[in-house]
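Notes follow the structure.
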Amino acid sequence: MRAAIVEGVGKVSVTTVPDPTPGPRDVVVSVASCGICGTDLHILQGEFAPTLPILPGHEFAGEVVGLGSEVTELAVGDKVAVDPSLYCHECRYCRAGRGNLCDRWNAIGVSVPGGAAEFAVAPVANCVKLPDHIDVRDAALIEPLSCAVRGYDVLSSTLGAEVLIYGSGTMGLMMLELAKRTGAAGVDMLDINPERLATASKLGCSRAAASAEEFDRPGGWDFVIDATGNAGAIQDGLGRVAKGGTFLQFGVSDYATTAVIEPYKIYNQEITITGSMAVLHSYERAAALFASGVLDPAVFISDRLPLEQYPDAIEKFKAGQGRKIVVEP
């Protein structure tokens, strides 16, 4: 089969590899679409993936074409989206129900071969069967949506909150859509990319700007969400949290990124600084939300490229062009 391979730091190509073989409790998925995200850039930079080379792709969906000998829950022809998370189920975090913090955390497309290929193997337990009305080519959006759902679980948002989101790429826009549905009184969006800001306005944000200075809100926002991973945005956002408010680090930063906090202000104003790591008990809910139409794939997916153009898709994403970019085998 044809597959993308991250060969080493900064090196990615598309080549022919052996077809995958399922274990007893695995299924083989004919991949319909595979999304590109910031994690893929980190893998290309030599971060996240424990070893290279690796077949990337952790946001994917497709049709079941093969079954392990002990699989009864799915049938050939079923449409599925795949939760890439792989937990040990033995460490203290797994036993506490916090598998996303697993001491032996692994993921399809990060530490084992992923979905940037014609076919992918996944445990049947990680596959969510999709209803007939879903176009499986759009369902690569479910994995990032499940990360956004986890983010809002961490926020425990309250009705009538004022929200500020840094970054109106795919993840920022998903956080916008969820904020609107979790009772926010207002959702302001920031981005230096005018095209992305225009999309945020199209989706119904309250205000859109390139800088928070353009908003007249000296008291700050109840919830400030960074969806960029950019040091400058993070530093600015930490100073925009209202008394009693929460700053959520949702965007994925480089390992070396740092920011300065003001301990007295955090104490005196009871400010919470927290993070959200990937998926936790949120994939099935994201699939249900997606099936209900919470996202418009025509808005979120800006580019569909053939698998052979995976290196081009990575470069396009790295340049900040478009929104969600998917490759389709």
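These numbers come from a predicted model, not from an experiment. Throughout, residue positions are numbered sequentially from 1 according to the sequence presented.
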Next item on the list: Could you pull out the closest heavy-atom pair between Y152 and M175, with the gap in Å?
Entry: OH-O, 3.0 Å

Next item on the list: Looking only at non-hydrogen atoms, find the nearest pair between G229 and S253 and report the distance.
Entry: O-OG, 3.0 Å

Item checked: N-O pairing of R2 and E308 below 4.0 Å -> yes

Check: Are the charged groups of K79 and E63 less than 4.0 angstrom apart, N to O?
Finding: no

Check: What are the two closest non-hydrogen atoms of L74 and V80, and how far apart are they?
Finding: CD1-CG1, 4.0 Å

Notebook entry, point to check: Less than 4.0 Å between a side-chain N and a carboxylate O, is that true for E162 and R240?
Noted result: no

Item checked: Residue pair N193, Q321: steps toward the side-chain contact (heavy atoms from CB on, under 4.5 Å) verdict -> CA-CA 9 Å; N193 184 319; Q321 299 173 8; over 6 Å; no

Notebook entry, point to check: Can you check whether L280 reaches R150 side chain to side chain, under 4.5 Å on heavy atoms?
Noted result: yes

Checklist line | Smallest separation among heavy atoms of G35 and A140, with atom names | finding: N-CB, 4.0 Å

Check: Is the closest basic N to carboxylate O distance between D312 and K316 below 4.0 Å?
Finding: no

Note to self: Check D153 with R285, please: is the shortest side-chain N to carboxylate O separation under 4.0 Å?
What the structure shows: yes

Check: Any side-chain heavy atom of P123 sitting closer than 4.5 Å to one from R25?
Finding: no

Margin query: Check for me whether the distance between the ring centres of Y255 and F48 falls short of 6.0 Å.
Written below: yes

Note to self: As an exercise, state the distance from OG of S33 to CD1 of I301, rounded to the nearest 0.5 Å.
What the structure shows: 6.0 Å

Checklist line | Heavy-atom closest pair, residues D103 and Y93 | finding: OD1-CE1, 3.5 Å

Check: Are the charged groups of K324 and E59 less than 4.0 angstrom apart, N to O?
Finding: yes

Checklist line | T274-Q249 side chain donor-acceptor pair, cut-off 3.5 Å | finding: no

Next item on the list: Could you grab the distance from atom NZ of K180 to atom CD of E177, nearest 0.5 Å is fine?
Entry: 3.5 Å

Next item on the list: Could you tell me whether I134 atom CD1 has more than 12 heavy atoms of other residues or ligands within 6.0 Å of it?
Entry: yes

Item checked: Option passing side-chain contact (heavy atoms from CB on, under 4.5 Å) with I225 (candidates V187, L155, L176, T246) -> L155

Check: Do N100 and W105 have a side chain donor and acceptor closer than 3.5 Å?
Finding: no

Item checked: Pairing of K243 and E270 as salt bridge, 4.0 angstrom limit -> no

Note to self: Could you check whether any side-chain heavy atom of V12 comes within less than 4.5 Å of a side-chain heavy atom of I5, counting everything from C-beta outward?
What the structure shows: no

